[in-house]
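Beneath this line is the structure, given in structure tokens, with notes to follow.
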Amino acid sequence: MKPLDVVVIGGGMVGLSAALMAARQGLQVALVEAHLPKPWRQESPDLRVVALALDNQTLIESFGLWPEVLARRAYPYGAMTVFDAVHSRPLRFDAGELGRPHLGHILENDVLVDVLWQAVVREPNIHLHCPDKIVSLDETESEVRIGLQSGVEWSARLAIGADGAASRVRDLLGIGVDERDYGQKGVVAFVSTELDHQNTAWQRFLDTGPLAFLPFGNHCCSIVWSLPNTEADRLLQTGPEAFCHALDSAFAGTLGKTRLVSDRAAFPLRRRLAKTMIQGRTLLLGDAAHAVHPLAGQGVNLGLRDVSALREAFTVARLKTGDALDAPQLARWARTRYSENTVAAMAFENINRVFSNDNMALSLLRGHALGIGDRIIPLKNAMARYAAGL
Ligand SMILES: Cc1cc2nc3c(=O)[nH]c(=O)nc-3n(C[C@H](O)[C@H](O)[C@H](O)COP(=O)(O)OP(=O)(O)OC[C@H]3O[C@@H](n4cnc5c(N)ncnc54)[C@H](O)[C@@H]3O)c2cc1C
């Protein structure tokens, strides 16, 4: 059988984007996904939401899919406000200060997966294998041989592992992981708010962890509340009123009284960094390479940036050598993305450590940091540009 160009393992947001990107470059692609995706349902929003940065909106636009995202559901946010439990002066970023109408959109994981999935199904250059799982991966000098649970086997010039934080591809390659369990869970839910959220993404740092309110329609927010495991478990078990009472107190009533309008769920918070993003002719992308603390809403954004950077690497390689999958260019991609993702993961971890702490010295330090950050406009704009992906 003629070898494929690229096999992508994992059809989450990152794997679907990578498959689509490679196919649109004229490459022959196979995509393997373990589960049929849950179709997006308007009446029951997915609790897992993404604060999609502007550069990643551009990626989705480049596939011609942004109108389909907007037709389902996405809410723009024009500002971000960061404050803590001790100091009164918040740090506020406004899209207007960057000359933009907004800083990004809040959208459901299921919306993006659904839109990307439909596009992959329509794409003639993609052979879809779902439900199926990778069970073996062997490298030869010029190819990767992939075996699936169904018995199907392929050879490809490049394999992409985008199979999430518990990546099987990473394990099959024996790539080690630098892991840190934060002993926290992210509690997610939708709440209605008494006061208008002003299309602002709010983040309050508490000594137990950050609490985010992300605007999701009229007087409605998606919350991501990082809490120590036992506290998260306790709050998942309490009645809706007791939950909202605790939430209002943790958020200092900033948006008035809240009311729970969905189920609640929680996900464990860990940093997991693969020791490398490339081995032979296999790349790791997205959570398979780097799962980070969700405090800056950058988890998915980093993974989609891996995809945009890979498109650039394919383009440069083709211009220089005539081969989009030129090995030195892929190695350069891996080095650059590895250092950017590691710096980001450690920065989120350190921010969490400094801000989610009741130590007096750290409390003074963060008070100064918020005050200084808000007054020094170039610094503030640089932070806002990073978060918005500009
Ligand atoms: C409840 C929850 C809430 C979250 N909230 C936020 C948030 O607010 N902000 C944020 O930035 N991030 C958040 N995250 C993290 C974010 O969802 C991830 O960063 C993002 O989904 C990573 O995308 P991915 O495509 O790399 O991996 P995934 O979305 O994990 O996709 C991996 C895919 O690979 C498939 N797969 C796995 N194993 C195999 C195999 N052996 N063979 C074939 N296919 C396989 C899986 O079925 C899955 O479809 C949250 C995560 C969870 C679980």
Side-chain angles (χ1 to χ4, degrees), residues 4-42 44-76 104-134 158-165 167 169 283-291 297-312 314 389:
L4 289 160
D5 293 311
V6 183
V7 175
V8 179
I9 300 106
M13 278 186 228
V14 174
L16 289 166
S17 303
L20 211 49
M21 177 281 285
R24 298 277 172 94
Q25 296 257 325
L27 299 168
Q28 286 297 314
V29 181
L31 175 71
V32 185
E33 165 53 45
H35 306 286
L36 278 168
K38 176 165 67 81
W40 172 73
R41 299 224 320 268
Q42 180 158 21
S44 52
D46 184 7
L47 291 176
R48 191 180 343 178
V49 302
V50 187
L52 194 77
L54 295 175
D55 57 341
N56 288 324
Q57 176 182 329
T58 305
L59 175 71
I60 306 300
E61 280 168 352
S62 75
F63 298 144
L65 298 176
W66 191 243
E68 289 185 43
V69 169
L70 294 180
R72 285 171 174 77
R73 185 160 47 209
Y75 295 107
H105 283 77
I106 308 297
L107 50 95
E108 295 143 80
N109 185 79
D110 280 359
V111 164
L112 209 45
V113 168
D114 194 27
V115 167
L116 288 164
W117 184 267
Q118 303 300 334
V120 159
V121 169
R122 293 191 297 262
E123 188 65 44
N125 285 358
I126 300 181
H127 313 262
L128 192 51
H129 287 255
C130 176
D132 211 339
K133 281 187 177 174
I134 183 169
L158 181 71
I160 291 179
D163 50 346
S167 170
V169 172
L283 311 178
L284 295 179
L285 269 71
D287 274 22
H290 43 73
Q298 293 293 317
V300 181
N301 285 307
L302 294 179
L304 294 176
R305 279 175 200 145
D306 293 341
V307 177
S308 297
L310 190 59
R311 174 164 58 191
E312 234 172 275
F314 284 175

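Values reported hereafter were calculated over all heavy atoms of this structure, with side chains retained and with hydrogens, waters and symmetry mates removed. Please read these numbers as outputs of a predicted model, since none were measured by experiment.
Side-chain atoms of E33 come within 3.5 Å of backbone atoms of H35 as a donor-acceptor pair (strictly under, hydrogens ignored). Side-chain atoms of D110 do not come within 3.5 Å of backbone N or O of D46 as any donor-acceptor pair. A donor-acceptor distance shorter than 3.5 angstrom exists from the side chain of D163 to the backbone of V169, with no hydrogens or angles considered. Checking side-chain atoms of D132 against main-chain N and O of A34 turns up no donor-acceptor pair under 3.5 Å.
Between S17 and F63 there is a side-chain heavy-atom pair separated by less than 4.5 Å. Side-chain contact between D114 and P37: absent, with no pair of heavy atoms (C-beta onward) separated by less than 4.5 Å. When side chains are defined from C-beta on, V49 does not count as touching Y75, because their heavy atoms never get closer than 4.5 Å. Taking the side chain as every heavy atom from C-beta outward, D5 and L158 never approach each other to under 4.5 Å. Taking the side chain as every heavy atom from C-beta outward, F314 and L27 approach each other to under 4.5 Å. A 4.5 Å side-chain heavy-atom check between H127 and V29 finds every atom pair outside the cut-off.
R72 and Q118 make their closest contact through NH2-CG, 4.2 Å (heavy atoms, listed as atom of the first residue, atom of the second, distance). The two residues R305 and A53 come nearest to each other via the heavy atoms NH2-CB, 3.5 Å. In terms of heavy atoms, D306 sits closest to G286 at OD2-N, 3.0 Å. The nearest pair of heavy atoms linking G11 to V113 is O-CG1, 4.4 Å.
To the nearest 0.5 Å, atoms CG (L304) and CE (M13) are separated by 7.0 Å. Between L107 atom CG and W40 atom CH2 the span is 11.0 Å, to the nearest 0.5 Å. Between atom CG of residue L70 and atom NE2 of residue H105 there is a gap of 5.5 Å, rounded to the nearest 0.5 Å. Remark: L20 CG to N125 CG distance equals 10.5 Å, nearest 0.5 Å. Atoms NE2 and CD1, on H129 and I9 in that order, are 11.5 Å from each other to the nearest 0.5 Å. A distance of 5.5 Å separates CG in L310 from CD1 in I160, rounded to the nearest 0.5 Å.
Salt bridge status for R24 with E123: present, with a side-chain N to carboxylate O gap under 4.0 Å. Salt-bridge annotation for E108 and R48: absent, with no side-chain N of the basic residue lying under 4.0 Å from a carboxylate O of the acidic one.
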The test is side-chain contact (heavy atoms from CB on, under 4.5 Å); show your working for L283 and L285 and say whether it passes.
CA-CA 7 Å; L283 311 178; L285 269 71; 3.9 Å; yes
| task | Under the side-chain contact (heavy atoms from CB on, under 4.5 Å) rule, what do C130 and V32 come out as? Steps first, then yes or no, please. | result | CA-CA 6 Å; C130 176; V32 185; over 6 Å; no
**Prompt:** Can Q28 and V6 be said to form a side-chain contact (heavy atoms from CB on, under 4.5 Å), step by step?
**Reply:** CA-CA 6 Å; Q28 286 297 314; V6 183; over 6 Å; no
As a quick check of understanding, evaluate salt bridge (Lys or Arg N to Asp or Glu O under 4.0 Å) for E68 and R122, giving each step before the final call.
CA-CA 14 Å; E68 289 185 43; R122 293 191 297 262; 3.4 Å; yes
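Between the side chains of R311 and S62, at least one donor-acceptor pair of N or O atoms lies under 3.5 Å.
Contacts of D287 classified as side chain to side chain contact (heavy atoms under 4.5 Å, CB included), with partners at least two apart in sequence or in another chain: A165, A291.
When L16, V8, L31 are each tested for a side chain to side chain contact (heavy atoms under 4.5 Å, CB included) with I126, only one passes: L31.
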